[in-house]
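Down below is the structure, laid out as structure tokens.
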Amino acid sequence: MGAPVLHVRGRVLIGPAEIVDEMWVVDGRITFERPPAAAEVQSVQGWVLPGLVDAHCHVGLDAHGPVEHDTAVEQALTDRDAGTLLIRDAGSPLDTRFVQEREDLPQLIRAGRHIARTRRYIPNFAHEIEPHDLVTYVRQEARRGDGWVKLVGDWIDREVGDLGPCWPVSALKLAVDAAHEEGARVTAHCFGEQSLVDFAEAGVDCIEHATGLAPETIDTFARQGIAIVPTLINIGTFPDIAAAGERKYPGYAAHMRDLHERRYETIGAAREAGVPIFVGTDAGGSLPHGLVAQEISELTRTGMSATEAIDAATWRARAWLGRDGLVEGAVADFVVYRDDPREDLRTLADPRHIVLRGVVVR
Ligand SMILES: [Zn+2]
């Protein structure tokens with residue numbers, strides 16, 4: 001009541017190739033019907049996209065584990081000011097429900113805390129458990145989260161000196177079934193090849209990184225509709241991970257370098273086969289927040305057009321996560337740019353305006 005009406009003029013991209021000239025925001029919601037003229041008090045102009053989606057981002061986490069609330073807020077504000085207005089959190093040891101109560105922070109879909117095998121992940125991040133407890137923890141995190149559960153699917157196996165799957169397939173099958181019973185989808189961190197075979201067999205919904213995709217698993221993923229979130233900025237750090245492990249684990253280091261070298265080819269082959277691909281920055285942990293424009297641009301190196309890469313962070317990503325784009329009655333979360341981002345992705349790095357829940361926050 002009494003909130004200003006916002007008039008949005010220019011080129012409103014309601015789909016990858018569908019444009020309208022104007023829309024309005026009334027009481028925080030989008031409408032394409034002109035409200036009474038007298039009510040109009042504010043206007044913005046430019047090229048409009050739905051609020052960007054970062055489908056792999058960690059709010060509440062840094063390189064050492066959970067962070068203070070203030071730091072989590074800063075992380076979310078950094079993402080917001082880069083145009084990310086919907087975050088699928090890919091695992092956080094901090095209970096970030098408080099983020100969802102703040103009107104000035106991006107919309108957040110939580111996955112609860114990562115679930116990893118004992119001593120097979122970064123310290124202080126995950127519940128570290130054994131396979132006989134997997135179903136119990138999956139159910140617990142499914143109930144705590146917002147429809148997603150995050151597993152760590154592979155990690156260095158120090159006995160073998162290489163990447164290795166963390167879970168027996170039998171345990172994974174029970175875990176994925178349990179998550180689905182709870183109404184949650186399952187995603188998993190996987191760098192190597194074998195874990196992808198196992199998770200596909202268990203019926204997983206999504207894979208993070210997915211650098212180990214090979215022709216057979218690409219076919220399986222396409223057939224089963226398993227989505228991937230490559231996080232190419234993160235994959236760009238594989239040579240550093242390899243260098244750090246070189247002396248003790250030369251086989252592992254060589255494997256990581258190989259996955260890195262063929263990353264664009266791997267994700268490009270998945271794209272050609274029809275595997276659904278979404279934008280994720282993997283901010284939090286060791287990477288900074290606010291890199292969504294950079295990740296979108298990286299995806300074009302796999303053969304995606306600019307429009308396709310934008311789609312992976314906007315209209316298609318929102319549909320995948322069950323959230324509205326720029327449609328009548330939707331919560332008014334959108335970004336206004338100076339130029340057509342489909343023509344030049346560099347415009348994404350510098351939004352002119354950011355509108356969150358109908359409020360011009362920038
Ligand atoms: Zn991550």
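Order of appearance sets the numbers: ligands from 1, and atoms from 1 within every ligand. When a residue number appears, it is its place in the shown sequence, counting from 1.
Using a 4.5 Å cut-off on side-chain heavy atoms (C-beta onward), Val149 and Tyr137 make no contact.
Using cut-offs of 30° and 60° on the angle between ring planes, the pair Tyr252 and Tyr249 is perpendicular. Between Phe238 and His260, the two ring planes are tilted [angle within 30° to 60°].
Taking the centre of each ring, His189 and Tyr121 come in below the 6.0 Å mark. Taking the six-membered ring wherever Trp is involved, the centroid distance between the rings of His58 and His114 falls below 6.0 Å.
Ionic pairing of Glu182 and Arg143 is present here: one or more N-O contacts between side-chain nitrogen and carboxylate oxygen are shorter than 4.0 angstrom.
Among protein atoms, those of element N, O or S found less than 2.8 Å away from the Zn ion (ligand 1) are His56 NE2, His58 NE2, Asp282 OD1.
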